[in-house]
Student: 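Got a structure for you, questions after.
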Amino acid sequence: MKKSTIYFLLLFSGFVSKSQEHLQIFQDTVNEDNLLKISSLNHYSSNRFNNAYLDKFLFGGNIDQQLKDNNFNRLKTVNVIGGEFEQRIDSYTPTIHPLKKEKYGLMLSFSDNHLLSATIPKDLYTLAMYGNADYVGDTLNLSYGHAQYQHYQKMSVGFYEKKTMSSIQLSYVAGSRAFDFYTTQSFLWTHAANDSIEFQAQGQGFSTDSLAPYFAFQGSGFSLDISYNFIFNSKKGDRQIVNFKLSNAGAIFWNKNSNKYSVDTNIKYGGFDIADFINQDSLTGKWNFEDTLGIVQAKTNYSEALPVELSIEKMADAQGKKLQAIFGFKAILTQDYRPYFYGGIHYRPVQYFSASTYFSYGGFAGLRWGLYCNFSAGNKIRISLGTADMIGNISKNYGFGRSVNLMAVFKL
Amino acid sequence: MKNLLVLSLVIFGFASCKKEPTTWQTDWSAPVAHGHLTLTDVIPGEYLESDGSGNISLVYHGAVYSFTIDTLVDLPDTTIIKKSAVGVSSLNVAPGFVYTDTYDQEYLMDQIELKKVRIKSGTVDVQVSCPWPGASLITCSFPKITLNTIPFERIYSMPAASISNPSTSSETIDLAGYYMDLTGTSGNLINYLSAEFEMGSNEATNTFTISNADSISYIISFSNLKPDYAKGYFGQYHFEDTVGISLGFMKNITAGMIDIDSISMMLTIKNGFNLIAQTKITDLKGLNSKTSGIVDLNYPMDNTMMNINPATGNIWNHTPSEFPITINNNNSNITSFIENLNDSLLLGYELDINPFGNVTAGSDEVFPGSAFELYLDAEFPLAFGADDLTLVDTFEINYDNPENFYPENGEFSLLYSNGFPIEALAIFIVQDENHITLDTLQSSQIINSGAYNSTTYLTTPASGEIFINLNSENIANLDLAKYVIMQIQFSTDQNAMIKINTNAYFDFVLKSDLKMNVSL
């Protein structure tokens with residue numbers, strides 16, 4: 001029940017955002033039909049935290065000592081978790097010719113995107129999950145932690161080349177909500193006698209004024225998206241398609257009510273001094289966490305780059321051989337995302353059905369196994385259903401995330 | 001697309017509603033409080049003195065009971081209403097015409113016969129109304145009310161007016177610092193204010209006519225006069241009363257015993273007034289409401305009438321007379337009086353002012369700042385033995401366990417170094433809003449006394465650590481608590497007599513080790 005719920009959420013949820021996880025298959029060489037493409041691309045993953053642990057945060061339940069320990073033992077220098085969720089609709093209209101050239105068609109798109117990512121230092125996990133009692137006399141290093149979230153909608157207009165389906169789009173970006181926090185040199189030292197705790201904190205952050213409602217219009221921006229399909233023939237005469245893509249080259253300008261934070265402090269806490277309490281008629285005032293830590297907060301405009309995505313993929317060709325190789329590379333220019341590589345095969349036993357399988361490594365995750373199935377109903381409908389993380393979908397202990405992707409293309 | 005968006009919203013809402021919270025347990029160690037306590041941290045410095053060896057005494061210098069001039073002399077508000085007119089039916093008033101009228105106003109003050117006072121605060125309101133048909137000049141003066149020897153005088157220039165529409169003038173004057181001679185115009189009266197009114201033409205060339213119907217009226221009101229000096233005869237009075245004096249700080253001591261070595265104190269009757277008085281302390285009792293113990297203090301001059309001499313000097317340089325009564329171990333039961341751990345005192349007294357009448361011919365004086373006082377000089381050397389002396393205090397608390405960070409159980413530890421020759425056992429009683437006891441938190445260990453050397457009177461500090469364990473039930477009770485009663489039992493080292501040195505201290509660090517449940 002839980003798994004089915006998660007897939008359902010992943011498919012359609014409002015958690016959702018920009019992704020290139022879906023495998024692309026190159027179709028017609030010249031598209032002269034109106035196309036409507038609906039896609040739902042969703043995944044979250046981690047390179048260290050398994051599903052048994054992450055599910056506790058998604059569905060609740062007690063994180064027992066063994067579960068804490070198992071995940072603790074996997075932690076290394078880089079411990080990330082992240083997710084991308086995108087719900088998207090594209091329309092291709094070949095009868096409208098931008099730039100007054102017949103080889104181009106009009107392309108309109110709308111998408112709702114979420115990006116969530118975090119880097120969790122090992123000692124931050126230790127502090128949060130175990131507390132400091134076992135580390136009296138030790139220093140916990142909380143440096144270089146990071147957490148980021150962006151939610152925005154893109155309304156895009158552009159054109160595509162009918163022959164190659166290469167496209168270029170300019171988008172208006174409506175920013176809904178976001179935050180971004182990171183630490184630099186930050187440490188917590190509990191003195192051996194437990195008579196004082198020293199905390200050095202350095203970091204910066206930002207958040208929109210509000211994290212609700214879902215469409216909390218709090219910023220505007222732009223982006224440029226370019227997709228170019230390079231088509232050539234191999235020495236054996238087989239058509240090969242390589243897709244180059246640059247997405248989200250742009251920024252969001254959050255409004256003046258955004259909160260900007262910074263902290264650079266070194267405090268030593270030794271408990272309350274009894275001298276502050278005796279012989280006092282009364283004690284007034286409230287303890288203020290932000291003041292104590294020296295957090296400086298300001299209301300100001302804030303501009304933030306969108307998560308720029310770069311990818312190069314050798315695509316499967318629907319008109320090509322039954323068995324084809326597929327492989328690719330992707331990068332998102334955000335702190336928590338590492339270069340992502342994949343490679344596998346695409347097999348088309350019959351004209352109306354094909355499947356792809358591949359292994360990938362990188363991104364927010366480690367090694368993953370992906371699997372896709374593609375169906376065609378006549379010449380009018382194509383449906384693709386797949387996952388970038390089959391192991392994650394079926395295993396709590398060996399899976400480190402989940403992924404469900406769906407795409408449907410209609411010829412109108 | 002619209003449907004997809006609506007669906008997304010619904011799903012997002014669904015995902016936010018987990019079936020159960022995410023929980024885990026953490027273990028936190030942190031200091032809670034620390035301190036370095038000496039006696040001066042607890043008792044204000046003005047109450048502590050040390051001898052040449054550094055041994056501390058608790059001292060008190062202050063009035064136990066007193067009264068000032070307000071009790072003896074009160075100047076009531078009084079108003080002079082005077083009308084002044086010529087005695088003929090018609091009179092031509094030429095430029096330069098003047099006539100004068102004088103007036104004595106009696107101050108009604110019962111037995112008190114005042115000759116002179118100095119005003120500390122108060123005002124006089126002067127209102128003048130003149131119907132004369134020509135411009136006139138009116139002078140109100142009080143020749144015996146002076147400031148820096150200059151008599152009080154006000155001159156009012158009145159325009160031409162009529163009986164139906166007289167000209168008026170008024171003002172309020174601050175009398176602070178003025179001397180008032182109350183012997184009247186003749187200088188032989190008592191309690192009399194003398195006034196002088198001068199009326200005349202203010203015309204340069206014109207002559208006008210007035211009649212005996214053209215009367216000038218004066219309303220002069222003295223209000224809120226407070227003297228700081230008075231001379232005269234203040235009357236013959238007998239006061240007697242019994243006053244209760246609460247010793248609030250002693251209410252927290254609920255049980256136990258102390259054994260005091262020696263105490264010396266001086267009870268002094270100070271007469272700051274230049275008058276003859278007799279007084280008697282009829283009763284001095286100590287009451288312990290917890291034990292219902294009552295001890296009468298017996299000492300020399302107890303319940304004996306004492307003649308109190310007048311103060312000497314003048315208004316600016318005066319010395320009170322003093323009648324000292326020494327009270328110590330040898331001539332009183334002061335030690336048992338103190339060992340009763342009184343939380344209140346009863347003081348009964350009688351006081352006779354001018355018991356022999358006006359024998360000074362009206363020369364009684366009260367001086368600025370002077371008072372009639374029962375003054376206590378006491379020194380209580382902190383040399384005592386204590387056996388389970390129990391100090392109790394109640395604190396109101398408002399502790400709410402945070403929902404997301406909930407302590408399950410834990411331990412508090414107090415690491416200390418005790419330089420006082422006193423051991424202590426702390427008990428915390430947790431009560432609800434109806435003062436029903438919910439829980440009792442207590443360490444199984446005591447805070448050990450420093451080791452006391454009865455020869456050198458020095459204490460070697462004792463170090464140790466005590467623990468208070470809290471289980472989940474204790475913590476749940478804290479959540480319900482509204483009051484915590486702190487009960488500390490003190491005993492001196494081996495219940496022996498000890499002296500406390502000025503260098504004595506209590507160092508501590510209170511630490512916590514809590515198992516905390518996190519719930520998200």
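Naming convention: chains lettered A, B, ... in sequence-line order (proteins, then strands); numbering from 1 in each chain.
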Student: If I measure from the heavy atoms of chain B, does A/Y135 come under 4.5 Å with its side chain, its backbone, both, or neither?
Tutor: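 For A/Y135, there is no contact with chain B at all, as no heavy atom is under 4.5 Å.
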Student: How long is the gap from CG on A/D134 to OG on B/S29, to the nearest 0.5 Å?
Tutor: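 The distance works out to 8.0 Å.
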Student: Any idea which heavy atoms bring B/V32 and A/Y269 closest together, and the distance?
Tutor: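 Smallest interatomic distance, heavy atoms only, reads O-OH, 3.9 Å.
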Student: Taking all non-hydrogen atoms of both residues into account, name the closest pair between A/A133 and B/W28 and its distance.
Tutor: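 Nearest heavy atoms, A/A133 then B/W28: CB-N, 4.0 Å.
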Student: Taking it one step at a time, do A/M129 and B/T26 satisfy side-chain contact (heavy atoms from CB on, under 4.5 Å)?
Tutor: CA-CA 6 Å; A/M129 301 307 296; B/T26 56; 5.7 Å; no
Student: Roughly how far apart are B/H36 NE2 and A/D273 CG, rounded to 0.5 Å?
Tutor: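 B/H36 NE2 to A/D273 CG: 11.0 Å, rounded to 0.5 Å.
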Student: Taking all heavy atoms of A/K68 and all of B/Q25, pick out the closest pair and write down the distance.
Tutor: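 The answer is NZ-O, 2.6 Å.
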Student: Which answer fits A/L127, side chain, backbone, both or neither, if we ask what part of it has an atom under 4.5 Å from a heavy atom of chain B?
Tutor: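 Both backbone and side chain.
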Student: Hey, are A/N62 and B/T23 close enough side-chain-wise for a donor-acceptor pair under 3.5 Å?
Tutor: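 B/T23 vs A/N62: donor-acceptor pair found between side chains.
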Student: Calculate, to the nearest 0.5 Å, the distance between atoms CG and CG belonging to B/D513 and A/N194 respectively.
Tutor: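 If we round to the nearest 0.5 Å, B/D513:CG and A/N194:CG are 7.5 Å apart.
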Student: What option among A/D64, A/N132, A/I63 has the most heavy-atom pairs under 4.5 Å with chain B?
Tutor: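 Highest number of heavy-atom pairs under 4.5 Å: A/N132.
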Student: What part of B/S519 gets within 4.5 angstrom of chain A, counting heavy atoms only: side chain, backbone, both, or neither?
Tutor: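 Contact with chain A is absent: no heavy atom of B/S519 under 4.5 Å.
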